[in-house]
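The chains referred to below are lettered A, B, ... by the order of the sequence lines, with proteins before strands, and numbering in each begins at 1. Nothing here was measured: the structure is a model prediction, and the numbers come from that model. Reckoned from all heavy atoms, side chains included, excluding hydrogens, waters and symmetry mates.
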2 protein chains.
Amino acid sequence: MAETDDTERLTASPGEHAAGARRRPEFRKGRPTLTRERIARAALEILSETGPAELTMRAVGARLGVSPRALYNYVADRRDLLGEMVAVCQRARPQPRLDTDRWQESLRTYCRDLRAWYRAHPGMPALARAEDLTPFASADLLRPDDILVEFFLGLGLSPQNAYRAWSITVLQVSGFAEMWDAWHDRPPPGTDPAAWTGVPSNLAAGELPHLRRVIAESDFEPPDVLFESVLTMLIAGVEAMR
Amino acid sequence: MAETDDTERLTASPGEHAAGARRRPEFRKGRPTLTRERIARAALEILSETGPAELTMRAVGARLGVSPRALYNYVADRRDLLGEMVAVCQRARPQPRLDTDRWQESLRTYCRDLRAWYRAHPGMPALARAEDLTPFASADLLRPDDILVEFFLGLGLSPQNAYRAWSITVLQVSGFAEMWDAWHDRPPPGTDPAAWTGVPSNLAAGELPHLRRVIAESDFEPPDVLFESVLTMLIAGVEAMR
DNA sequence: ACCTGAACACCGTTCAAGT
DNA sequence: ACCTGAACACCGTTCAAGT
């Protein structure tokens, strides 16, 4: 029993077991034992199913069939729970599979994966910022970023440009997911998602003529199409750095 | 007294005065009279000085020297107050001054103004989304957007491309302000702003080699420089649409 | 070792008075 | 017409027991 395995280490509870103590049981009264990770996952479910306002300690406890007080045996406070939520998310961030010989297509693919990951946790960056959490605390959470930087260096970019390209790539994808997808994936109640163009339909004649014309004469494009346009711009920008 | 002026109309209180009634006094007990707008401005100050967690009805009342209950004579509830905050912000959105003959420089200038505007209200888009508010409710708030679309049409873009260019411009600027500036303008307490690169300094040897190399061999670039890189990409993207 | 239940301070909101 | 103060339900968190 020299080394505990990965999941065991990550889900260790704050009440430390002495070395060589028996493992904590997987179940208790029919319910799975609480762990920091299990609590964080329940909280992430609440966050993406409802929203940040409904993410309360009481709601997390209720979802796990436990009193709110029980959570405090594993997390110090709400802020600590949010930190664990960030960590759980980060661990699931996609690992880039990048090929410098087909660099445009592989960058595109990775950005699509990254976008899907951000979309799966809408509002998480905003929540982290509102609570002054520092993401990327540990080195292994930055592995995807290291691979991405390596890729840009492999394209022949200078270190400075590789740093810029990395920053801009993450910025483009996270910005798109948070500022665009978040609205389109769950529009405010009462708005018609399909017709949602950002422009009110009850306009006085002559108001906003150009905006109206452009919307009338454009085909409706789903967010995916706009995202590809952003990626095309990004790729052209990287190309210009070489 | 046929037409009330702009500010009067916008700050009308819900308790309607009969037509021809005298104006409500500007002051009351030495303090300026409450209005929806004045309440929203106090709330915006709290939001940007502290953060969304400190934005409470009680705090807004205290800042105005009034009991929390008094606010409910002007706003229906917290959500209504947030809506008024959005409206106050939107009214202050910069009007583009765009010249198709010097289109690159004037687009750049407008984007800088727009970025400054977003930075002045950090977390406002996230707050609006968390509370399911619909921004851009009224037509006059979309005036800047109409001007921007007119500008892109004037460059010879097709309606479809003008729509894309508008979306992407707003997306780029808002995304940069919310995802990048928000962190750099007020980093989590305990981090050194000048050295903040997003990478922890206590790395084991051999960990994240490429990220470390890139950071070591890059000059520190303030966010302004990265923003200009984003704008260069945006301009190249628009150029490619013509 | 880990849980529950009561309790406290705080927040949004409402009710009943005050002037 | 507009304000205050008390009150209610809810939230984060803690204390004192339970098993």
Considering only NZ, NE, NH1 and NH2 on the basic side and carboxylate oxygens on the acidic side, decide whether [X] and [Y] come within less than 4.0 Å.
X: Glu37(B); Y: Arg41(B); answer: yes
X: Glu84(B); Y: Arg91(B); answer: yes
X: Arg93(B); Y: Asp145(B); answer: yes

* **Partner residues of Phe227(B) under the ring-ring contact (aromatic ring centres under 6.0 Å, His included) criterion, sequence neighbours left out** =>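 Scan of Phe227(B) (ring-ring contact (aromatic ring centres under 6.0 Å, His included), adjacent residues dropped) gives Phe176(B).
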* To do: Taking only the side-chain nitrogens and oxygens of Asn73(B), find out if one of them lies under 4.0 Å from OP1 or OP2 of dA1(D).
  =>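 So the side-chain polar atoms of Asn73(B) never come under 4.0 Å of the phosphate oxygens OP1 or OP2 of dA1(D).
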* Under a 3.5 Å cutoff on both atom distances, Watson-Crick or G-U, what's the dot-bracket for DNA chain D ([ ] crossing, | other strand)? -> ||.|||||...|||||.||
* Could you tell me which residues satisfy side chain to side chain donor-acceptor pair (under 3.5 Å) with Arg79(A), sequence neighbours excluded, listed by chain and number? =>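 Expected list: none.
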* Could you tell me the separation between the CG atom of Leu64(A) and the C1' atom of dC2(C), rounded to a whole number of Å? =>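 Taking atom C1' of dC2(C) as the reference, CG of Leu64(A) is at 15 Å.
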* Would you mind reading off the distance between Leu34(A) atom CG and dT4(C) atom C1', rounded to a whole angstrom? =>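 Value for this atom pair: 13 Å.
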* **With sequence neighbours excluded, residues passing side chain to side chain contact (heavy atoms under 4.5 Å, CB included) with Ala120(B)** =>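 In terms of side chain to side chain contact (heavy atoms under 4.5 Å, CB included), with neighbours along the sequence ignored, Ala120(B) is linked to no residue.
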* **Contact state string [nucleotides 5-13 of chain C, B base, S sugar-phosphate only, - no protein heavy atom under 4.0 Å]** => B-B---BBB
* To do: For the pair Ile168(A) and Trp180(B), evaluate side-chain contact (heavy atoms from CB on, under 4.5 Å) and give the outcome as yes or no after the intermediate values.
  => CA-CA 10 Å; Ile168(A) 291 180; Trp180(B) 196 264; over 6 Å; no
* By salt bridge (charged side-chain N to carboxylate O under 4.0 Å, His left out), which residues pair with Arg78(B), not counting sequence neighbours? ->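 By the salt bridge (charged side-chain N to carboxylate O under 4.0 Å, His left out) rule, Arg78(B) matches Glu131(B).
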